[in-house]
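Reminder, nothing fancy here: chain letters follow the sequence lines and each chain counts from 1. Everything quoted here is computed from the prediction, not taken from an experiment.
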There are 2 protein chains.
Amino acid sequence: MSAKPQPQHNHLLAALSSDVQGRLFPYLELVPLPLHALLYESRRPMRHVYFPTDSIVSLQYLMENGASTAISVVGNEGLLGITLFLGGESTPSRSLVQSAGYAYRLPRVRVKEEFNRHGQLLMLMLRYTQALITQISQTAVCNRHHAIDQQLCRWLLLSMDRLSHNHLTMTQEFISNMLGVRREGVTQAALKLQQLGVISYSRGLIKVLDRPQLETLSCECYSVVKKETDLLLNYLPQRSVIANTDSIPTATLRTP
Amino acid sequence: MSAKPQPQHNHLLAALSSDVQGRLFPYLELVPLPLHALLYESRRPMRHVYFPTDSIVSLQYLMENGASTAISVVGNEGLLGITLFLGGESTPSRSLVQSAGYAYRLPRVRVKEEFNRHGQLLMLMLRYTQALITQISQTAVCNRHHAIDQQLCRWLLLSMDRLSHNHLTMTQEFISNMLGVRREGVTQAALKLQQLGVISYSRGLIKVLDRPQLETLSCECYSVVKKETDLLLNYLPQRSVIANTDSIPTATLRTP
DNA sequence: ACTTTAGTGTGAGACAACGCACAGACTTAA
DNA sequence: TTAAGTCTGTGCGTTGTCTCACACTAAAGT
């Protein structure tokens, strides 16, 4: 709300060297992302890559019958529009603003130009892509194996990590759409958390009171993704585009 | 079983231009992939990229309690080891051979060398990565919303598409591990399919008798992934590394 | 002040998947 | 031929989530 967001508030943009920044930043455009706005719709061509500064955007899959599930969450650690450099022009998912804020965006042409120089930006985006794949995969696992309670904890933690304060603005109805479950299911899970003193909420405003407890109540999925993401995006400052670090132990092919 | 697999049996390798093929193919090594072998183990560094010719490999997530779920399937349409060019050296998932066969593999160093030339191989692999992301995402959705019966159909179809014949060699126990459900659940679903005359099976050998029916019984997830993959991997023969096709309609930012 | 709307709580019945326990059928090895 | 092992079928009680229906409360609008 206070100071105007800077490009450096996005971790990926911040990690670029100054010459790349100098080349790209003039083309960055600051755009507000109002709550529940759609950045991309399913199967529609994308015109920009978005780098959130203080907003949170969910990647969401819509089913034929209208039901939906969020497959990942993106904040200032990442970007939206990986499809533009992966080679597709669109995806089956849509991007829904889950927490209002700002993002810098870069026209598709600029991204592609920068890519054809094959530099740092490519490396960063590829790494982020891997982190994203991890998050999506873990969502798949979580959907199969864990109870709503745990998934709610995971979701709250994922969202919290991308904000600078300890409260979230989202109704139970909204969360239910994200988790792909019933609204009543979220109500029950949220009630339980509130009774435990882990969160408090009222009419769309959720406050996290006991984050450590929230983490223990969450399933392993949160920490798996967190660790993996930290590992991947702990940007090694100087590296060749594709590094050649070939001093690793041997992995043998075996049958268990 | 019959003729020796050729590199061209893998769609990605086949799609490379002859000069790239000439550069890479000498380094390809043909390796047999026995049933249930582990190509990569979770969190272990990878030394090769694998291009299946007639084998099928599943990407599988293992949970702390030992339960597992397959998040995607890779056959001759793809490759294993995307992490090597995405920038990580390993992933939380492991790669399990689901149908025995062969694959060509390329040492990590060669892949990275070829990458630093920023050519066709990069583009192909990025495109495939997007197809893979689609598959993983749809798995997440499927796990949330669809019944075991439908998921079994999806799984059989995904596997069938990657084989040249109409039978699969996998026990219900194995399938249950892949879908992340109980063995008994698979038994019931399989029984239903057999009674409908869609498949027949006995002791690990499944024959698909009525594929169209199998497709209608499957959830939408199969066709969504299929369409998307066909779209992405319908290799446009001549393209710049990152194409610049900027004549597309406008997508506006809006709140629903 | 009153109504309307959005957000939340609750309860009853249905159903799918689960854990467990065990039985039958087929295959392989001794 | 017998025994051991693998694969598949079945039944039962439990749990989690779903559908449906409705009540309550706080905020917003007139």
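From A:His48, atom NE2 reaches atom CG of A:Leu106 across 8.5 Å, with rounding to the nearest 0.5 Å.
With sequence neighbours excluded, the residues satisfying side chain to side chain contact (heavy atoms under 4.5 Å, CB included) with A:Ser99 are A:Ile56, A:Leu163. Every side chain to side chain contact (heavy atoms under 4.5 Å, CB included) that B:Ser137 has, sequence neighbours left out, goes to A:Tyr61, A:Ile71, A:Ile136, B:Ile133.
Shown for residues 137-157 of chain B: no residue has heavy atoms falling under 4.0 angstrom of DNA chain D. Residues of residues 191-201 of chain B having a heavy atom closer than 4.0 Å to DNA chain C: none are found.
Atom CZ of A:Phe174 and atom C1' of C:dT8 are 17 Å apart (whole Å). Nucleotide C:dT8 holds its C1' atom 12 Å from the CD1 atom of A:Ile206, rounded to whole Å. Between B:Leu179 atom CG and C:dA17 atom P the separation is 11 Å, expressed in whole Å. In this structure, A:Met170 atom CE and C:dA6 atom C1' are separated by 17 Å, rounded to whole Å. Rounding to whole angstrom units, CG of residue B:Asn177 and P of D:dT8 are separated by 13 Å. In this structure, A:Gln188 places its CD atom 10 Å from P of C:dG9, rounding to the nearest Å.
Salt bridge status for A:Arg105 with A:Glu29: present, with a side-chain N to carboxylate O gap under 4.0 Å.
Side-chain contact of A:Glu77 with A:Thr229: a donor-acceptor pair under 3.5 Å is absent, judged by distance alone. Residues B:Thr83 and A:Gln130 have side chains that bring a donor and an acceptor to within less than 3.5 angstrom of each other.
Between the side chain of B:Arg183 and the base of C:dG19, no donor-acceptor pair of N or O atoms lies under 3.5 Å. A donor N or O paired with an acceptor N or O is found under 3.5 Å between the base of C:dG19 and the side-chain atoms of B:Arg182.
The salt bridge (charged side-chain N to carboxylate O under 4.0 Å, His left out) pairs that include a residue from residues 201-216 of chain B are B:Asp161-B:Arg211, B:Arg211-B:Glu215, where partners are two or more places apart or lie in different chains.
Sequence order on DNA chain C of the closest nucleotides to A:Ala190 and B:Glu184 puts A:Ala190 first from the 5' end.
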* Asked: Passes side-chain hydrogen bond (donor to acceptor under 3.5 Å, both in side chains), B:Gln98 versus B:Arg162? Steps please.
  -> CA-CA 11 Å; B:Gln98 171 201 324; B:Arg162 288 161 178 82; over 6 Å; no

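Between B:His36 and B:Phe174, the ring planes lie parallel to each other; the angle is under 30°, not in the 30° to 60° tilted range.
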Distances for protein N or O near nucleotides 24-30 of chain C N or O, under 3.5 Å:
| residue | atom | partner | partner atom | Å |
| --- | --- | --- | --- | --- |
| C:dC26 | O2 | B:Arg203 | NH2 | 3.2 |

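B:Arg154 pairs with exactly one of B:Leu217, B:Thr139, B:Asp149 by the side chain to side chain contact (heavy atoms under 4.5 Å, CB included) rule, that one being B:Thr139.
No engagement by B:Gly185 is indicated, since no non-hydrogen atom pair under 4.0 Å with the nucleic acid exists.
B:Ser218 contributes no side-chain N or O that, together with a main-chain N or O of B:Leu214, makes up a donor-acceptor pair within less than 3.5 Å.
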